[in-house]
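Below is one structure, written out as structure tokens; comments come after it.
Convention: sequence-line order gives letters A, B, ...; per-chain numbering from 1. Values in this document were obtained by computation on a predicted structure and should not be read as measured data.
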Number of protein chains: 2
Amino acid sequence: MIKVALVDDNVDLREGLQIVLKEHSDEFECIGAFGDAETALKKIPELKPDVVLMDINLPGISGIECLKQLKPKLPNLDVIMLTVFADDDTVFDSLCAGACGYITKNASPEKILDAIREVRDGGAPMSGRIARMVVTSFKAPGDASAQLTDREKEVLDQLCKGKSYKMVADALNITHDTVRHHIKNIYKKLEVHSVSEAILKTMKKKII
Amino acid sequence: MIKVALVDDNVDLREGLQIVLKEHSDEFECIGAFGDAETALKKIPELKPDVVLMDINLPGISGIECLKQLKPKLPNLDVIMLTVFADDDTVFDSLCAGACGYITKNASPEKILDAIREVRDGGAPMSGRIARMVVTSFKAPGDASAQLTDREKEVLDQLCKGKSYKMVADALNITHDTVRHHIKNIYKKLEVHSVSEAILKTMKKKII
DNA sequence: ATTTCCGTCACATTAATATGTGAAGACCGC
DNA sequence: GCGGTCTTCACATATTAATGTGACGGAAAT
């Protein structure tokens with residue numbers, strides 16, 4: 001039996017979902033439904049549900065902020081965001097806050113039940129387009145890297161491990177001056193003027 | 001009609017999948033099956049399939065490397081990794097290389113067909129545990145950050161934008177020496193000894 | 001009311017980085 | 001062969017960062 005709680009300011013949706021869950025009362029038990037984050041934050045820690053379906057656009061505290069505050073109290077809680085919004089920031093903010101799933105509200109009731117089952121089974125239910133967004137966020141742009149020579153990439157790689165010039169020199173068995181020379185060229189190619197900026201650009205563009 | 005190509009060194013698996021695809025010849029057409037990356041790299045660019053099912057552990061060039069070389073030639077190609085391995089590095093390397101999906105080989109034929117449909121529909125089919133891995137990779141550990149004071153976080157934030165001490169001082173309207181003081185405390189708390197390391201630790205642990 | 005922590009600033013020293021110039025050997029392509 | 005690029009090293013200098021010590025006011029805590 002999976003204990004489920006709902007957080008959504010739309011009364012119709014709350015009641016609709018509760019009915020759907022009752023129709024599958026052999027699997028699910030809806031132990032709470034709340035219209036705002038404040039109430040949810042008060043009640044959910046006691047109720048200890050297994051899964052929370054969380055809207056994002058709530059009056060007052062947002063669903064993401066609610067999730068952030070909930071997670072430390074209930075680390076094993078699986079939260080699925082259930083919302084109309086699917087823009088980059090909202091999705092990634094949710095995942096960073098600890099959401100385990102992300103379903104858009106146009107999903108059918110059966111899809112939502114599947115998502116609850118899936119998240120309890122250790123999965124991460126997401127609407128197709130959301131999943132693609134998440135996956136493609138890993139893909140490297142991979143443009144500026146072509147400009148760097150192999151040796152320069154090695155040096156940059158070392159810098160990106162937090163090493164100093166001297167340590168890089170030792171690691172690559174070259175002199176301090178040579179390291180400096182490579183770094184100077186790296187700066188020119190990446191259009192930066194410090195190790196920090198070079199590391200940042202590297203991380204952001206996933207050059208290495 | 002979805003044009004599919006297979007890359008896997010296991011003959012039985014290749015033939016098995018080809019049979020499954022033929023059983024659904026109204027939807028799918030298997031236009032190629034290759035036992036190694038080298039052959040795949042030669043043939044696939046001409047065949048222009050819609051979807052490639054790619055094994056990772058191939059003789060010679062790996063499936064990930066094959067994917068990397070394939071993507072620039074066929075940017076619209078959807079590649080689904082189909083493999084037994086599911087460790088962190090392999091999964092994330094695949095996604096960074098441009099994979100749109102990741103299925104473990106214990107998946108049923110029907111699941112695999114679903115994955116092909118899903119990926120063509122703009123989704124990102126993943127086995128449950130893989131999806132969870134990907135999603136949780138966004139979650140901030142958020143432990144060490146608590147130690148930092150508000151001001152220290154502001155300073156660190158500035159450093160993470162590539163600014164120098166002087167620029168941070170200007171931005172926060174404090175003196176160079178005060179910036180140094182904060183940074184020294186940040187170093188102590190993060191257990192690092194340079195701006196580079198501090199930035200790296202911040203990025204990795206998503207402290208800010 | 002006193003301690004503790006935070007944020008602010010100052011002076012001083014050593015280490016590391018940024019920037020410039022020059023040059024030699026290796027390798028590749030034309 | 002010759003010109004280009006890559007890698008290597010050297011000398012010089014100005015700027016920045018790292019580390020230490022010390023101090024003052026305010027805010028929160030007890």
Would you kindly give the CD-to-P distance between A:Glu197 and C:dT17, to the nearest whole Å?
15 Å
Quick one: A:Met167 CE to C:dA16 P, roughly how many Å, whole number?
10 Å
Any residue meeting side-chain contact (heavy atoms from CB on, under 4.5 Å) with A:Lys111, in chain and number order, not counting sequence neighbours
A:Ala107, A:Ser108
Assess, by modelled atom type and distance only, whether the side chains of B:Glu154 and B:Gln158 contain a donor and an acceptor separated by less than 3.5 Å.
no
Rounded distance in Å - CZ (A:Arg151) to C1' (D:dC6)
11 Å
Report the distance from atom CD1 of A:Ile174 to atom P of C:dA24, rounded to the nearest whole Å.
20 Å
Separation of D:dT5 P from A:Lys189 NZ (nearest whole Å)
10 Å
Does A:His193 place a side-chain N or O at less than 4.0 Å from the phosphate oxygens OP1/OP2 of D:dT16?
no
Within the sub-3.5 Å range, which N or O atoms of nucleotides 25-30 of chain C have a protein N or O partner, and how far apart are they?
none

Of B:Tyr187 and A:His182, whose nearest nucleotide on DNA chain D comes first from the 5' end?
A:His182
Of A:Val195 and B:Leu172, the one whose nearest nucleotide on DNA chain C sits closer to the 5' end is B:Leu172
Whole Å only: how far is the NZ atom of A:Lys153 from the P atom of D:dC6?
12 Å
Side chain of B:Ser164 only, heavy atoms from C-beta on: which candidate in D:dT21, D:dT16, C:dT8 is closest?
D:dT16
Using a cut-off of strictly less than 4.0 Å, decide whether B:Thr178 has a side-chain nitrogen or oxygen near OP1 or OP2 of C:dT8.
no
For residues 167-176 of chain A, please give each side-chain donor-acceptor pair under 3.5 Å, one per line with the distance, not counting sequence neighbours.
from, atom 1, to, atom 2, distance (Å)
A:Thr175, OG1, A:Thr178, N, 3.4
A:Thr175, OG1, A:Thr178, OG1, 3.0

Give the nucleotide from the list C:dA16, C:dG7, D:dT16 with an atom nearest to the side chain of B:Glu152.
C:dG7
Atom pairs under 3.5 Å: protein N/O with N/O of nucleotides 12-14 of chain D:
from, atom 1, to, atom 2, distance (Å)
D:dA12, N6, A:Arg180, NH2, 3.0

Taking for A:His181 and for A:Lys163 the nucleotide of DNA chain C with the nearest heavy atom, the one nearer the 5' end belongs to A:Lys163
Mind running side chain to side chain donor-acceptor pair (under 3.5 Å) on B:Asp87 and B:Thr90 for me, showing each step along the way?
CA-CA 6 Å; B:Asp87 58 290; B:Thr90 313; 2.6 Å; yes
If you look only at pairs with a residue in residues 28-42 of chain A, which of them pass as a side-chain hydrogen bond (donor to acceptor under 3.5 Å, both in side chains), with sequence neighbours excluded?
A:Asp36-A:Thr39
Just jot down the side-chain contact (heavy atoms from CB on, under 4.5 Å) partners of A:Lys48, sequence neighbours excluded, or say none.
A:Leu74
Rounding to a whole Å, what distance do you find between A:Ile183:CD1 and C:dT17:C1'?
9 Å
With a cut-off of less than 4.0 Å, is there a side-chain N or O of A:Lys166 near OP1 or OP2 of C:dA16?
yes
Under the ring-ring contact (aromatic ring centres under 6.0 Å, His included) rule, collect the residues that match up with B:Phe92, sequence neighbours excluded.
A:Phe138
Applying side-chain contact (heavy atoms from CB on, under 4.5 Å), name anything that partners B:Arg129, two or more places apart in sequence or on another chain.
A:Asp121
Give every donor-acceptor pair under 3.5 Å between a side-chain atom in residues 52-61 of chain B and any protein atom, sequence neighbours left out.
none

Could you tell me whether B:Lys68 and B:Asp93 make a salt bridge, using a distance below 4.0 angstrom between a side-chain N and a carboxylate O?
no
Does the side chain of A:Thr149 get closer than 4.0 angstrom to OP1 or OP2 of D:dT5 through an N or O atom?
no
Could you tell me how far apart A:Lys184 (NZ) and D:dC6 (P) are, to the nearest whole angstrom?
14 Å
